[in-house]
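Here is the structure we will look at, set down as structure tokens.
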Amino acid sequence: MDELPKFDLYVDQVVAFVNDTLGPLGVDLMTRPMVNNYVKQQVVLSPVQKKYQTMHLVDLLLIGLFKPLFSLETIRSGIDQITVGDFPKQAYDNFIDTLNRALATWARKTKRFSLNRKR
């Protein structure tokens, strides 16, 4: 989680960070009104004195990544299940490690499939 800022951010900084992080993956950009709605809907905890902390960033990154696939309720439930025994930082690190392993496995299988199809 060394990639995450070690200081609190205002909503515009959060939106820029999330979009810079997820933009290369081709997911929809997050906007300030979207973040505000996530807070109003209690999908994300309210900021502390208008500043968002690491746990907020992790939640918003996961929401941005999974929103095309799952409902906000499902995403929130998944985040809650993942973070039950861990701090958000550790849960995020575990998620990223798992995602990277899954992507590497998928890439190997896809490459094998592509090589097999050429024969």
Quiz item: Considering residues at least two apart in sequence or located in another chain, which fulfil the side chain to side chain contact (heavy atoms under 4.5 Å, CB included) criterion with S46?
Solution: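 Result, side chain to side chain contact (heavy atoms under 4.5 Å, CB included) vs S46: V39.
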
Practice problem: With sequence neighbours left out, write down each residue that passes side chain to side chain contact (heavy atoms under 4.5 Å, CB included) with F70, or none if nothing qualifies. | Solution: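 Checked F70 against side chain to side chain contact (heavy atoms under 4.5 Å, CB included); matches are F66, T74, I75.
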
Self-check item: Qualifying ring-ring contact (aromatic ring centres under 6.0 Å, His included) pairs, either residue in residues 31-61, two or more places apart
Solution: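 Only Y52-H56 qualify under ring-ring contact (aromatic ring centres under 6.0 Å, His included).
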
Practice problem: First locate atom CG of D59, then atom CD1 of I79, and finally report the distance between them rounded to the nearest 0.5 Å. | Solution: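 Answer rounded to 0.5 Å: 4.5 Å.
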
Quiz item: In Å, rounded to the nearest 0.5 Å, how long is the span from CG of L60 to CE of M55?
Solution: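 The CE atom of M55 is 11.0 Å from CG of L60, to the nearest 0.5 Å.
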
Exercise. Please lay out, stage by stage, how L61 and L65 fare under the test side-chain contact (heavy atoms from CB on, under 4.5 Å).
Key: CA-CA 6 Å; L61 285 168; L65 187 61; over 6 Å; no

Quiz item: Can you name the side-chain hydrogen bond (donor to acceptor under 3.5 Å, both in side chains) partners of Q81, sequence neighbours left out?
Solution: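 With sequence neighbours excluded, Q81 shows a side-chain hydrogen bond (donor to acceptor under 3.5 Å, both in side chains) to S77, given in chain and number order.
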
Quiz prompt | By side-chain hydrogen bond (donor to acceptor under 3.5 Å, both in side chains) - contacts of D80 (at least two apart) | solution =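 Scan of D80 (side-chain hydrogen bond (donor to acceptor under 3.5 Å, both in side chains), adjacent residues dropped) gives R76.
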
Exercise. Hey, could you give me each pair passing salt bridge (Lys or Arg N to Asp or Glu O under 4.0 Å) that has a residue in residues 38-50? Not counting sequence neighbours.
Key: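 Passing the test, one end in residues 38-50: no pairs.
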
Exercise. Scan residues 64-73 for pairs that pass salt bridge (Lys or Arg N to Asp or Glu O under 4.0 Å), counting only residues two or more places apart or in two chains.
Key: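 Sorted pair list comes back empty.
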
Side-chain donor-acceptor contacts of residues 9-22 below 3.5 Å, not counting sequence neighbours, with atom names and distances?
unit_1, atom_1, unit_2, atom_2, d
D12, OD1, R32, NH1, 3.2
D12, OD2, R32, NH1, 3.1
Q13, OE1, Y10, N, 2.8
N19, OD1, M30, N, 2.7
N19, ND2, V15, O, 3.2
N19, ND2, M30, O, 2.9
T21, OG1, F17, O, 2.8

Practice problem: Treating Ile, Leu, Val, Met, Phe, Trp and Tyr as nodes and any side-chain heavy-atom pair under 4.5 angstrom as an edge, say whether V48 and V35 lie in one connected cluster. | Solution: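 Not linked; separate clusters.
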
Self-check item: Taking every non-hydrogen atom, the tightest pair across G64 and V27
Solution: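 Minimum heavy-atom contact is O-CB, 3.9 Å.
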
Self-check item: Any residue meeting salt bridge (charged side-chain N to carboxylate O under 4.0 Å, His left out) with D8, in chain and number order, not counting sequence neighbours
Solution: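 Applying salt bridge (charged side-chain N to carboxylate O under 4.0 Å, His left out) to D8 gives none.
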
